[in-house]
Amino acid sequence: MQLRFHNSLTRRAEDFRPIDPAHIRMYVCGPTVYDLAHLGNARPVVVFDVLARLLRRVFPHVTYARNITDVDDKINARARESGEPIGAITARTTADFHADMRALNALDPDVEPTATGHIPEMIALCEKLIARGHAYAAEGHVLFSVGSFPEYGKLSGRSPEDLLAGARIDVAPYKRDAGDFVLWKPSDTETPGWDSPWGRGRPGWHIECSAMSWKHLGEVFDIHGGGHDLIFPHHENEVAQSVCAHGTQTMARYWLHNGMLLVDGEKMSKSLGNFLTVRDILARGPWAGEAFRYLLLRTHYRSSLDYSAAALDECKAELDDFYAMLARPAPEARTPRAMVDWVLEPLGDDLNTPLALARLRDLRTLENIANVGGSPAAVHARTPEAWHPVPGEARAAVLEAAQVLGLLWQDPAAWRQGGGDADVDAAIAARLAARAAKNWAEADRIRDALKAQDIILEDGPQGTTWRRA
RNA sequence: GGUCCGAUGGCCGAUUGGUUAGGCACGGGACUGCAAAUCCCCCUAGGGCGGUUCGAUUCCGCCUCGGACCUCCA
């Protein structure tokens with residue numbers, strides 16, 4: 001399967017040509033652990049989780065690295081405000097992050113380096129950059145010299161003049177050039193710091209990712225991912241650091257950036273009152289994690305995505321339909337390879353998850369037709385060949401393809417009836433007796449009483465089943 | 001102000017130089033004691049103005065609107 005990705009570096013869709021097809025290496029910028037993950041933080045996690053699953057399906061060996069930034073001035077500020085020790089904040093927030101992302105069925109990356117675990121590598125990078133004339137020490141700082149790297153601005157598509165013209169920061173006096181950025185900065189006794197050739201200090205943000213990707217993926221690797229808002233300055237600076245330190249042509253061959261997530265049409269912010277954490281979503285119910293994942297995947301990863309509670313409910317309804325199909329007894333059947341490939345094919349085209357989901361729904365319809373009856377003509381108009389509905393086959397294909405999307409991993413009965421213990425069997429038996437006596441009023445009364453508890457009965461050929469609304 | 005991205009039905013969202021996928025909502029039907037689930041049908045849309053073309057939603061230009069970034073935001 002040939003993969004194609006839109007490469008931010010060239011602003012074009014390109015065929016994916018691995019550096020080493022036997023070993024694919026991907027790095028994605030992870031969270032700064034000072035607060036609970038918000039909805040926007042979850043988007044790159046889910047998007048690149050799907051990409052990692054796809055890569056693992058296509059290539060024999062994949063190393064996916066996603067870092068934890070656990071040294072940062074936002075963390076320091078949080079500790080000063082709350083009085084909680086920094087180590088406690090980062091440990092708790094990291095655990096919360098892991099729990100939240102697992103609730104979205106995002107697999108753990110293969111390696112999850114921490115910034116504090118890679119201070120020696122960061123110092124080594126600073127020394128290499130100074131030795132090569134790309135950085136200089138000044139007043140306890142180490143600064144990257146933007147003027148030493150002619151290609152600075154290539155990733156973000158800016159010229160150094162543009163960057164300078166748009167700069168809205170105060171230029172520190174020790175900077176040789178307004179665009180120079182910090183690799184290392186001094187720490188006072190109240191601030192976390194590590195001994196270095198330039199005195200006790202701490203790393204700048206950008207150097208962390210250069211150090212961690214170098215350590216775990218090498219000087220040049222295949223894919224670098226992250227949010228679109230990180231292109232400048234974070235990724236631009238990463239490229240400058242890594243390329244200049246190692247003397248390589250590039251840092252990563254393919255740069256993938258996900259679009260921003262909006263809430264009710266506006267960017268999330270605490271001042272607007274539309275700031276939502278993943279935990280807020282998960283509190284909606286046991287279905288909410290998967291419904292949110294579905295919501296993220298039904299929009300192409302590069303588009304901006306507008307979150308709303310109504311959209312989340314719609315995603316739950318769509319998953320209800322899938323789980324209704326999966327809950328129906330089905331015979332063991334072979335998994336038709338062609339059906340799985342047909343669903344996954346769009347993923348190879350710059351991770352077109354919305355089209356893959358549409359095809360997954362077509363397979364669901366095919367399975368329903370095999371079991372319940374109907375005409376496959378509408379589905380056949382879209383499929384590459386007229387697959388005959390055979391009970392169990394499309395179902396098996398749905399389950400295998402959904403694994404790559406990280407969907408439909410839950411037990412269908414648990415999905416339909418989960419969210420609390422309910423003993424409805426006795427009520428169903430009583431209603432069955434009333435129906436046998438053609439006492440429709442009593443039968444409907446029982447059904448309505450259950451409905452008042454959000455329990456929906458479904459009479460089918462194999463008897464009566466139930467689910468939660 | 002600069003750089004870049006986008007605009008598709010009531011809503012969400014793909015594909016495409018030649019009758020605009022799919023989903024949700026709405027409406028109708030089959031099935032059902034009535035429902036639910038399922039299936040069938042219906043709903044046929046490309047911001048505005050130009051250009052290229054036999055033909056433009058698709059390619060190009062301008063305008064409008066929205067968004068991202070412009071030195072530590074996913």
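Protein chains get the first letters and strands the later ones, always in sequence-line order, with residue 1 at the start of each.
Distance CG (A:Asp362) to P (B:A21): 13 Å, rounded to an integer number of Å. Atom pair A:His6:NE2 and B:G6:P shows a separation of 8 Å (rounding to whole Å applied). In this entry the distance linking CG of A:Asn368 with C1' of B:C39 reads 8 Å, nearest Å. The distance from atom CG of A:Leu305 to atom P of B:C12 is 11 Å, rounded to the nearest whole Å. Spacing between atom CD of A:Glu236 and atom C1' of B:C70 amounts to 12 Å, rounded to whole angstrom units. Per the geometry, CG belonging to A:Leu276 stands 16 Å off P belonging to B:A74, to the nearest Å. Between A:Leu261 atom CG and B:G6 atom P the separation is 19 Å, expressed in whole Å. Straight-line distance from the CG atom of A:Leu143 to the C1' atom of B:U71: 12 Å, rounded to whole Å.
Considering only the side chain of A:Asp459, B:C34 comes nearest among B:C34, B:G22, B:A14. The side chain of A:Asp321 sits closest to B:U38 out of B:A74, B:U38, B:A14. Between B:C40, B:U38, B:C69, one nucleotide has an atom nearer to the side chain of A:Ile369 than all others, and that is B:C40. Among the nucleotides B:G13, B:C69, B:G23, the one closest to the side chain of A:Phe232 is B:C69. Among B:A74, B:G22, B:G13, the nucleotide with an atom closest to any side-chain atom of A:Asn258 is B:A74. The A:Phe181 side chain lies nearest to B:U71 when the options are B:C40, B:U71, B:G33. Ranking B:C12, B:U38, B:G13 by closeness to the A:Arg328 side chain, first place goes to B:U38.
A:Asn7 approaches A:Glu14 most closely through the heavy-atom pair ND2-OE1, 3.4 Å. For the pair A:Leu230 and A:Cys29, the tightest heavy-atom approach, listed with the atom from each and the gap, is CD1-CB, 3.9 Å. Scanning all heavy atoms of the two residues, the minimum distance from A:Leu407 to A:Asn105 falls at N-ND2, 4.5 Å.
Between the C1' atoms of B:G9 and B:C42, the separation comes to 14 Å (whole Å). Only the P atoms considered, B:G61 is 12 Å distant from B:C4, to the nearest whole Å. Rounded to whole Å, the separation between the P atoms of B:G2 and B:C60 comes to 22 Å. For B:A7 and B:C49, the C1' atoms lie 16 Å apart once the distance is rounded to whole Å. Nucleotides B:C41 and B:A74 have their P atoms positioned 47 Å apart, rounded to a whole Å. With both ends at atom P, the span from B:G47 to B:G13 equals 15 Å, rounded to whole Å. Separating the P atom of B:C62 from that of B:C69 is a span of 25 Å, rounded to the nearest Å. B:U16 and B:C59 have their P atoms separated by 10 Å, given to the nearest Å.
Stacking of A:Arg66 on the aromatic ring of A:Phe48 is not recorded, the 6.0 Å distance cut-off and the 45° axial limit not both being met. A cation-pi arrangement, defined by a distance under 6.0 Å to the six-membered ring centre and an angle within 45 degrees of its axis, is absent between A:Arg416 and A:Tyr323.
Note on A:Arg302: nothing from the nucleic acid sits closer than 4.0 angstrom, heavy atoms only. Residue contacts for A:Thr465: at a heavy-atom cut-off of 4.0 Å it reaches no nucleic acid atom on any strand shown. A:His228 comes within 4.0 angstrom of sugar-phosphate atoms only, judged by non-hydrogen atoms across all strands, and of no base. Residue A:Gly259 is classed as a base contact, given a heavy-atom separation below 4.0 Å to a base. Heavy atoms of A:Leu355 sit under 4.0 angstrom from at least one base atom. Residue A:Lys74 is classed as a sugar-phosphate contact, given heavy-atom separations below 4.0 Å to backbone atoms only. Using a 4.0 Å heavy-atom distance criterion, A:Arg447 is classed as a base contact. Within the nucleic acid shown, A:Arg66 has no heavy atom closer than 4.0 Å to any nucleic acid atom. Residue contacts shown for A:Gly204 are absent, as no nucleic acid heavy atom lies under 4.0 Å away. Using a 4.0 Å heavy-atom criterion, one finds that A:Ile231 contacts no nucleic acid atom at all. The residue A:Gly226 sits close only to the backbone: its heavy atoms come under 4.0 Å of sugar-phosphate atoms, none of a base.
Side-chain contact of A:Thr116 with A:Asp70: a donor-acceptor pair under 3.5 Å is present, judged by distance alone.
Pair check for B:C4 finds B:G67; Watson-Crick or G-U wobble, both atom distances under 3.5 Å. Nucleotide B:C24 forms a Watson-Crick or G-U wobble pair with B:G10, both donor-acceptor distances falling under 3.5 Å. Taking a pair to require two hydrogen-bonding distances under 3.5 Å in either a Watson-Crick or a G-U wobble arrangement, B:C59 pairs with B:G51. In this structure, B:C39 and B:G29 make a Watson-Crick or G-U wobble pair, each of the two defining distances being under 3.5 angstrom.
Ring to ring, A:His234 and A:Trp205 are close: their centroids are under 6.0 angstrom apart.
Checking A:His38 against A:Asn352, the closest nucleotide of RNA chain B that is more toward the 5' end is the one next to A:Asn352. Taking for each of A:Glu314 and A:Lys185 the nucleotide of RNA chain B with the nearest heavy atom, the 5'-most of the two is the partner of A:Glu314.
Ring-plane geometry between A:His228 and A:His257 is classed as perpendicular, the angle between the planes exceeding 60 degrees on a 0 to 90 degree scale with a lower cut at 30.
Contact annotation: A:Ser375 side-chain N/O to B:C40 OP1/OP2 distance is not under 4.0 Å. A sub-4.0 Å separation between OP1 or OP2 of B:C70 and a side-chain N or O of A:Ser156 is absent.
Counting non-hydrogen atoms of other residues, nucleotides and ligands closer than 6.0 Å to CD of A:Glu190 gives a total of 12 or fewer.
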